[in-house]
Amino acid sequence: MRWSQTFIPTMKEVPSEAEVPSHQLMLRAGLIRQLMAGAYTYLPLGYRSVRKVSEIVREEMDRAGAIELFMPALQPIEIFERTGRKEAFGNVLFNFEVKRGDRKLHFALGPTHEEVITDLMAKHISSYRQLPVTLYQIQTKFRNEERPRFGVLRTSEFIMKDAYSFGSSLEQLNAAYDAMYNAYCRIFERCGLKYLPVEAESGPIGGDASHEFMVPASNGEDFVVHCPTCSYAANQERAETGRTATLVDPVQAAAAPVTVPTPNAGSIEQVSRLLKADPQSFIKTLIYKADGKPVAVLLRGDHSANEGKVRRATGAASVELADEATILKVTNAPTGFAGPIGLLCPYVVDHDVAKIPVGIVGANAKDAHLTGVIPGTHFEIPRTFDLRNAETGDPCPKCAGALQMVHGIEVGHVFKLGTKYSVSMDARFVDAQEQSHPIIMGCYGIGVTRVVASIVETCHDANGIIWPVNVAPYTVQIIPLNVTDTEVMNVTNKIYGELTAAGIDVLMDDRDQRPGFKFKDADLIGIPLRITVGGKGLAEGITEVKWRASADTHKVSIAETVGFVKNLIDQAR
RNA sequence: CGGGAUGUAGCUCAGCUUGGCUAGAGCGCUACGUUCGGGACGUAGAGGCCGCAGGUUCAAAUCCUGUCAUCCCGACCA
C-alpha cells in the first residue's frame, strides 16, 4: 500500500483527552478516532491490526477444534429474562423498545451470547452422541459501561471472540477447557504479548474452574497477585494468602480496656490521626449481612475485606455490607464505632488480628473507641480465617515465596459454566441410559480490540509504537527518501513489488516530504521493519534495513534486499 | 452513580481574575520560491456562532443560571 493512497492521519501533538500511552499512541499513529465516549472508529491502520489479531484467534480456535458461527447482536429481551440476567446486568445491558406496526418490541444488544447459543443448542441437541462441541464467533459486543475510559481499553462497544463448549460430562468440559486454555496461551504468545494466566473467582463449580489472562501493565485496572518463585498467580478477588491460623492464649491479670472519646471520628484514618496511633494497631470491625443475617468481620485496620473469602468463611451463599439500620441494631451506634466487645452478632476473625498485641477497637457506642484491647483476652478468638485481600509480601499459598502485586489488563477469560444456562434455557441431552441431563457448558472470551490496545500499551518507546511482527498493520515499511528521484523510485518500486508478490504486507511512504518527517512518522506508527532507499545509499549500491525495535541499521546491497528482509521476517515469526 | 476538571481554528494552548478595538500564538493546511538523510525556511493566504440556551449590561469569549459534551478519581464491571 502506498501511503498517499490510504488514510493515515498521524498527529505530532498529544490529544488532550488521552492519558494512557495506548490511547495517546493509537490516536497519534492514526489507528483510531473517537466518535463518542466509549465508541471508536478503527481507521485503516488500526483495523488491519484488529484483523491480524482476529486471524490469529481464528486459526488457534480452529486448531483447537472449535467451530465458527455468527450470531445476532440484536436479541429479544425475553432470553435475558429467562436466565435472570436482565436484572444481573442491569444498566450494563443496552435494552430498548422499538415500534413495529402497532406493536412494541423489546430488544437488547448482546453483551455476550450465552443466551443465544444455549437457546440454539437447546433446539438442536438431543443426544449425548452429538456432544461435545465447541462453537465460537468474533463479533461486536455492547455493554453500557458506567465509565468508559483509557481509549479503546474500556468501551461500550468492542470486538470479542466468544466461545462456548457443550458437553455431556465433566470430563468433556475439562477437555474443552484445557483445549481453550492452551489455545489462549498460543494466541497471546503469537500476538507478542507478555501474559499471565491467573486463577479467578470460579463461582459455584469451585476448584480451578476459571482463569483470567492478564497482561501486566501499570495502567491495568485489575490487580494480579503472583509469586515470582513458583507459578502461582491469581486475581485479587481470588488470591489466597499462605498465612496460617494463629491463636493466642488469654493474658492473665490484663488491665481492662480504656474508653476514649472520638467525637465524629468514624473512619480508621480519622481515629488514627486523633489518637496518634498507627492503623496497623486498629481492629476494624465491618458488619456484613450473610444470607440476610448480620455477621461482623474483624480485620487489621490497614487491611481490606475480601467478600468471597468472607462468604466462604461464613458458609453463606451471598454476602453484602450491612445497611445503617442493621449496624445500629448490632452495635448500638452509627457506622464507624463497631467493635468486637459487646457486639450483638457473631463475628469472624482474620489471621492477622490475633497477632495484634494491643489494639484499638470501636466501643459500640457513638463517638467512642476502646484502647488497650488484647485479642483473645478481651474478646474470644476461637478460630481465625483468611478474610482479606492478599497484599505484597504475604506468604505464597503454594511455596515458601512472597507474593507480589502487579496491575494487569484482562484480555481473556476461560470459565467452566456448568449447567447454569442449560438449566434456565432448557438445553438438555439424553445419555446412553435414556436419562435426561442439562448440557454442561464452558465459556471462553478474548477481547480482540483490547488485545490490540494492550499490545500498544506494552510495546512502545518515546518515539511511538513498536509492533510485534505478527500483529503489525504492515510488516515492512519502505521509505524512498526522495520521491522525485527516478533512480530512488525505481529501486523502491522494485523492492515493493517483489515483497508484495511474496505475500508480505508493505507500506510505501511515497509522500513528497523531507526525510526527517517520514522517519518520525515511521517511528510513530511502528512498522517492525524499515527499508530506507536514498541517494547516498544508492551511490554505494545499498539500501538500509532496520528493525523498529533496534538502533542497528543493516546496509544491504540492492539486489539482496528482498531476500534479506524475507529472511528477517521468517526468523522473527 | 458520587467527587473533581475542561470546553476558544484540524491539533496543542493563550486571552476570562478586573466586560470595551477587527479574538490571538505555535503546529497543521493552501499557493509560490528556496531547501532536501531525523518533524526546514521565507513570502502571501484560507480557516472561529469562543460547546449550546437563557439572563445581566449601552456592551459578554470574559459575569450569572441552566444544559450538553469530554477527561480524571472513586463506586460498578455475568
Side-chain angles (χ1 to χ4, degrees), chain A residues 9-20 23-24 27-28 30 33-40 79-80 83-93 108 110-115 118 141 143-151 153-156 158 160 162 164 200-204 210 212 219 221-222 235-237 307 320-321 409-410 413 415-418 420-421 424 441 443-445 447 450 462-464 479-485 488 509 511-525 530 532-540 542-544 546 551 553 555:
Chain A
T10 57
M11 285 189 280
K12 190 150 74 168
E13 296 194 77
V14 181
S16 57
E17 78 258 29
E19 205 87 346
V20 300
H23 191 193
Q24 293 179 349
L27 287 167
R28 288 187 57 212
R33 282 297 180 271
Q34 185 181 59
L35 176 63
M36 58 179 181
Y40 287 81
I79 58 175
F80 290 96
T83 57
R85 289 216 295 177
K86 186 177 174 228
E87 281 67 39
F89 273 119
N91 245 344
V92 173
L93 187 68
T112 170
H113 281 70
E114 278 83 358
E115 282 82 0
T118 310
K141 302 289 190 239
R143 293 181 194 181
N144 181 28
E145 283 297 342
E146 296 292 330
R147 190 181 156 207
R149 65 186 122 174
F150 301 146
L153 273 174
R154 187 166 203 82
T155 52
S156 295
F158 55 95
M160 182 170 156
D162 47 325
Y164 306 90
E201 200 47 61
S202 52
S210 171
E212 288 170 351
N219 287 305
E221 296 183 83
D222 298 299
N235 70 13
Q236 191 169 36
E237 260 187 315
E307 293 193 2
E320 57 177 350
L321 272 173
I409 301 165
E410 182 188 350
H413 196 165
F415 197 95
K416 295 181 188 174
L417 278 176
K420 178 174 178 247
Y421 294 96
S424 54
M441 293 174 57
C443 69
Y444 317 92
R450 193 180 265 189
N463 294 318
I479 303 182
L481 289 182
N482 184 353
V483 296
T484 58
D485 183 318
V488 168
D509 190 349
R511 295 174 299 173
D512 187 7
Q513 292 286 357
R514 298 163 66 82
F517 184 94
K518 295 205 217 185
F519 287 140
K520 288 288 183 189
D521 258 357
D523 286 347
L524 179 58
I525 70 171
R530 186 179 88 190
T532 307
V533 182
K536 283 185 189 170
L538 292 193
E540 299 173 49
I542 55 119
T543 66
E544 289 160 35
K546 179 184 169 298
T553 301
K555 294 190 175 187

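The structure presented is a predicted model; accordingly, all values stated were derived computationally and were not measured. A, B, ... follow the sequence lines: proteins, then strands. Residue 1 opens every chain.
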Within the distance-only criterion (no hydrogens, no angle test), does the side chain of K518(A) pair as donor or acceptor with the backbone N or O of D509(A) below 3.5 angstrom? yes
Are the side chain of R33(A) and the backbone of L27(A) linked by a donor-acceptor contact shorter than 3.5 Å? yes
d([atom1], [X]; [atom2], [N]) in whole Å:
X	N	atom1	atom2	result
E19(A)	U70(B)	CD	P	16 Å
M11(A)	C29(B)	CE	P	14 Å
K518(A)	G38(B)	NZ	P	13 Å

Can you check the distance between U67(B) and C21(B), where both ends of the measurement are the P atom (answer in whole Å)? 31 Å
C1' atom, G4(B) versus A9(B): distance in rounded Å? 28 Å
Do the side chains of E114(A) and K420(A) get nearer than 4.5 Å, heavy atoms only? no
Base, sugar-phosphate alone, or nothing: which one does [X] contact when heavy atoms must sit under 4.0 Å apart?
X	answer
N91(A)	nothing
G535(A)	base
A37(A)	sugar-phosphate
E146(A)	base
R450(A)	nothing
F150(A)	sugar-phosphate

Just to confirm, is there a sub-4.0 Å distance from OP1 or OP2 of [N] to any side-chain nitrogen or oxygen of [X]?
X	N	result
R514(A)	C41(B)	no
Q34(A)	C71(B)	yes
S16(A)	U12(B)	yes

